Trainee: 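First the structure, which I've put down as structure tokens, then a few questions once you've had a look.
Within every chain, numbering begins at 1; the chains are lettered A, B, ... in the order of the sequence lines, protein sequences first and strands thereafter. Note that the structure is a prediction, hence the values are computed from the model and not measured.
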There are 2 protein chains.
Amino acid sequence: MDATVVSEPGVEAARDAVRVGLDAGDVVSVFGRCRVAYDGRASSTLGAGDRLLLLKPDGTALVHTDEGHQPVNWQPPDCDHAATVADGELVVHSSRSTPDEELYVRFEAVEQVSRYAVTDESTLSVEGTEEDLRQRVLADPALVEAGFEPRATERDTPAGAVDIYGVDSDGRTVVVELKRRRVGPDAVGQLGRYVDALRRDSHDGASIRGILVAPSVTDRARELLAEEGLEFVAVEPTPSE
Amino acid sequence: MDATVVSEPGVEAARDAVRVGLDAGDVVSVFGRCRVAYDGRASSTLGAGDRLLLLKPDGTALVHTDEGHQPVNWQPPDCDHAATVADGELVVHSSRSTPDEELYVRFEAVEQVSRYAVTDESTLSVEGTEEDLRQRVLADPALVEAGFEPRATERDTPAGAVDIYGVDSDGRTVVVELKRRRVGPDAVGQLGRYVDALRRDSHDGASIRGILVAPSVTDRARELLAEEGLEFVAVEPTPSE
DNA sequence: GATTCTATCTCGCTG
DNA sequence: CAGCGAGGTAGAATC
């Protein structure tokens, strides 16, 4: 772990500091007044303002303002970064192909350039995901309804893979769609597509049930469920304490 | 615009530097070796590693590793940040309510604390959005088909607002759903819901057409369109040069 | 506040 | 490479 800072560098010094960091495989941050232009999947321009530019060794670029979770402009991983001086400005250019897109960040003033030798071997462990909900339902199928028997997960249908496929106590086929949080109309559409696909392949379509398992549903989603003859069961992704 | 740096500070000095920056309404960055814990909409833990923590004056917190566009952990805007020392570590805590969630970043070593007085009055201008596609189609409805006449945009239906509502040369109602890029099954479901809602309200349901306008569709989406009797017209969000 | 939908969504997985 | 779906999605518009 190592960090180096250059404060209020001249344009050439800033360019050199960025290049050293990029060559070393460090995370480089540049703080200063800049304009930004993006062209690719869409295109955008941003006038002068004070912002923080982060360049990562994996080819990611992020331009952050003083507000918001999201960068105001960015490039995804696997881009090529380059730092040059043009018209007295530090210009950072980041580009990739497939799709062709490029980002220009032009600094009229650089306050600080830092680089950090970042190493991170830890992996994030998250709980409360849809996978947790699936494990919970498989461990206790009665959460869906008494007598429910899961037979397969990720079972393929012409419309995609069903989360849980099983049978109810009357032997009817049950398709379960899992969502870790409150669901809207989109999830009902997804479940409907799976059920429709199985009904088309079946001789007795009416016997196929579709059940949406989630903490809750919106009103519109509930209406859609009723229209399509689908059902809803409330289950949290993790047991409430 | 102003930037201040403290390199390899002791724990108390790091805490004080963070507090000064937060109090001043600056963007604060902390680089060092840390562990991270989140609990709220889900929960997560992350073991020790070198990372960059950004604290924004709007209450945003971002933890970035050396890889990826997305922060490995974060808090959205409007959180309260606090820096303390516990067990010889710098602990940054960020929390909010509705929903209740909190983030702990514990630094066992701090390499650098910086703060930046960020001001940004410029607003981002983006082109090539769905709004551009709508303007394009409204300016030249023949892009959809000869004789198409838009009558309303964002027209309300029981299933939500339709992008463009109009009539064809035979006087039939046309519902247009716009997408700025290649579309999958979700967009077909959306269009289908609008068309179904209007058909239910109509005496002559069969006369209502649904047209998906986008650069292209996936195979599965094309099948769904056929099944539901919907149509597709290829249009780019911006004129090809 | 809750709901709905867009997004340069990102990310991971699968064929 | 494309397609599909999850995400602590975020963000904006609307009710």
Trainee: Which atom pairs, donor and acceptor, lie under 3.5 Å between side-chain atoms of residues 186-197 of chain B and protein residues at least two apart or in another chain?
Mentor:
residue, atom, partner, partner atom, Å
Gln190(B), OE1, Lys179(B), NZ, 3.4
Gln190(B), NE2, Glu177(B), OE2, 3.2
Gln190(B), NE2, Tyr194(B), OH, 3.4
Tyr194(B), OH, Ala161(B), O, 3.4

Trainee: Does the side chain of Arg182(A) get closer than 4.0 angstrom to OP1 or OP2 of dT4(C) through an N or O atom?
Mentor: no
Trainee: Please list, in numerical order, the residues of residues 214-229 of chain B that have a heavy atom closer than 4.0 Å to any atom of DNA chain C.
Mentor: none
Trainee: Let me have the donor-acceptor pairs involving side chains of residues 67-78 of chain B, under 3.5 Å, with sequence neighbours excluded, atom names and distances please.
Mentor:
residue, atom, partner, partner atom, Å
Asn73(B), ND2, Ser44(B), OG, 3.2
Gln75(B), NE2, Ser94(B), O, 3.0
Gln75(B), NE2, Glu101(B), O, 3.2

Trainee: Would you say dA10(D) has OP1 or OP2 under 4.0 Å from some side-chain N or O of Arg41(B)?
Mentor: yes
Trainee: Specify the separation, in whole Å, of atom CG of Leu62(B) and atom P of dG8(D).
Mentor: 15 Å
Trainee: What is the distance from CG of Leu133(B) to C1' of dA7(C), rounded to the nearest Å?
Mentor: 15 Å
Trainee: Of all the choices, dT6(C), dA6(D), dG1(C), which nucleotide is nearest to the side chain of Glu177(A) once you look at every atom?
Mentor: dA6(D)
Trainee: Between Trp74(A) (CH2) and dA10(D) (C1'), how many Å, whole number?
Mentor: 11 Å
Trainee: Scan Gln190(A) against the nucleic acid and name what it touches under 4.0 Å (heavy atoms): base, sugar-phosphate only, or nothing.
Mentor: sugar-phosphate
Trainee: Using the test side-chain contact (heavy atoms from CB on, under 4.5 Å), find all partners of Ser43(B) that sit at least two apart in sequence or belong to another chain.
Mentor: Glu127(A), Asp39(B)
Trainee: Please list each protein N or O that sits under 3.5 Å from an N or O in nucleotides 11-15 of chain C, with the distance.
Mentor:
residue, atom, partner, partner atom, Å
dC11(C), OP1, His69(B), N, 2.9
dC11(C), OP1, Gln70(B), N, 3.2

Trainee: Salt bridge check, Glu223(A) against Arg220(A): does any charged N sit closer than 4.0 Å to a carboxylate O?
Mentor: no
Trainee: Answer with base, sugar-phosphate or nothing: what part of the nucleic acid does Thr129(B) contact at a heavy-atom distance below 4.0 Å?
Mentor: sugar-phosphate
Trainee: Between dG5(D), dA2(C), dT8(C), spot the one nearest the side chain of Asn73(A), thanks.
Mentor: dT8(C)
Trainee: So that I can tick it off, tell me whether Arg96(B) and Asp80(B) are bridged by a salt bridge, with the cut-off set at under 4.0 angstrom between side-chain N and carboxylate O.
Mentor: no
Trainee: With sequence neighbours left out, write down each residue that passes salt bridge (Lys or Arg N to Asp or Glu O under 4.0 Å) with Arg155(B), or none if nothing qualifies.
Mentor: none
